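Input: a single structure, listed below in structure tokens.
Everything numeric here is computed off the predicted structure, so don't read it as measured data. Excluded from the calculations below are hydrogen atoms, water molecules and symmetry mates; all remaining heavy atoms, backbone and side chain alike, are included. Positions are given from 1, in the same order as the sequence printed here.
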Amino acid sequence: MNLKKIISALLITMCIGMISPAFASGENPVTGTPKSATELRGQEITNRLIEIKNMDKSNLTTSEKKELRKEVKKMKKDRNRNGIYLSVGAVIIIVLLLIILL
């Protein structure tokens, strides 16, 4: 094995070794903390979606149904816009690309 492969294997091992203990922290989250505005908004959206789902839509006009559909689509889009999620595989690929390119 040449030196470049050994160094990259060691770097990968070190990165994985540093990432794993972060998930195994023994700290318990503090309960009773006030909810943030985004959590409260998410709960409001969820409650409204449940309310719309349980609504009797048989006596609504087509324009009212169309407005409800638009409202539901908008709320679902807002609710799902909480952040960026990266898988472990994506992070490893990014690290490998950075190692190779740098």
Side-chain angles (χ1 to χ4, degrees):
M1 287 183 89
N2 60 14
L3 187 62
K4 196 172 194 179
K5 287 183 181 180
I6 293 172
I7 290 174
S8 60
L10 287 173
L11 285 174
I12 292 170
T13 306
M14 286 175 37
C15 289
I16 292 172
M18 286 186 279
I19 293 172
S20 297
F23 295 114
S25 66
E27 297 178 16
N28 292 330
V30 179
T31 57
T33 57
K35 292 186 176 184
S36 67
T38 56
E39 290 176 0
L40 291 175
R41 178 69 181 141
Q43 187 63 35
E44 289 174 5
I45 290 173
T46 304
N47 290 340
R48 178 67 178 145
L49 288 174
I50 292 171
E51 181 181 322
I52 290 173
K53 183 179 179 183
N54 294 333
M55 202 186 253
D56 183 23
K57 298 173 199 90
S58 61
N59 52 357
L60 294 177
T61 64
T62 54
S63 62
E64 291 172 337
K65 289 179 184 179
K66 190 175 184 179
E67 289 177 22
L68 273 178
R69 282 194 300 271
K70 286 182 182 179
E71 183 182 357
V72 168
K73 284 182 183 179
K74 184 180 180 220
M75 284 192 290
K76 283 186 177 182
K77 187 182 284 187
D78 289 342
R79 187 178 65 176
N80 293 335
R81 220 184 289 165
N82 291 337
I84 299 173
Y85 299 101
L86 293 175
S87 67
V88 177
V91 172
I92 290 173
I93 290 172
I94 291 169
V95 169
L96 286 174
L97 286 174
L98 287 173
I99 291 171
I100 291 171
L101 295 174
L102 300 176

Looking at K57, I want to see if its NZ is surrounded by more than 12 non-hydrogen atoms of other residues, nucleotides or ligands under 6.0 Å.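 For K57, atom NZ is crowded (more than 12 foreign heavy atoms under 6.0 Å).
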When you look at NZ of K66, are more than 12 heavy atoms from neighbouring residues, nucleotides or ligands closer to it than 6.0 Å?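 Atom NZ in K66 is not packed in, count stays at 12 or less.
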What's the shortest heavy-atom distance between L60 and K65, and which atoms?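 So the minimum-distance heavy-atom pair works out to O-CE, 3.7 Å.
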Looking at R48 and E51, is any side-chain nitrogen of the basic one under 4.0 Å from a carboxylate oxygen of the acidic one?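 Answer for the salt bridge query: yes.
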Which value, rounded to the nearest 0.5 Å, describes the distance between [X] atom [atom1] and [Y] atom [atom2]?
| X | Y | atom1 | atom2 | value |
| --- | --- | --- | --- | --- |
| K74 | E71 | NZ | CD | 8.5 Å |
| L101 | L96 | CG | CG | 10.5 Å |
| T46 | E44 | OG1 | CD | 10.0 Å |

Quickly, which of L98, I92, I99, L97 forms a side chain to side chain contact (heavy atoms under 4.5 Å, CB included) with V95? Name it, please.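 Result: among L98, I92, I99, L97, I99 is the only option passing the side chain to side chain contact (heavy atoms under 4.5 Å, CB included) with V95.
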Do L68 and M75 share a hydrophobic cluster (ILVMFWY, side-chain heavy atoms under 4.5 Å, transitive)?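 Yes, it is one cluster - the side chains of L68 and M75 are joined through contacts under 4.5 Å.
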State plainly whether one hydrophobic cluster holds both M55 and L49, where clusters connect Ile, Leu, Val, Met, Phe, Trp and Tyr through side-chain heavy atoms under 4.5 angstrom apart.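 Linked, M55 and L49 end up in one cluster.
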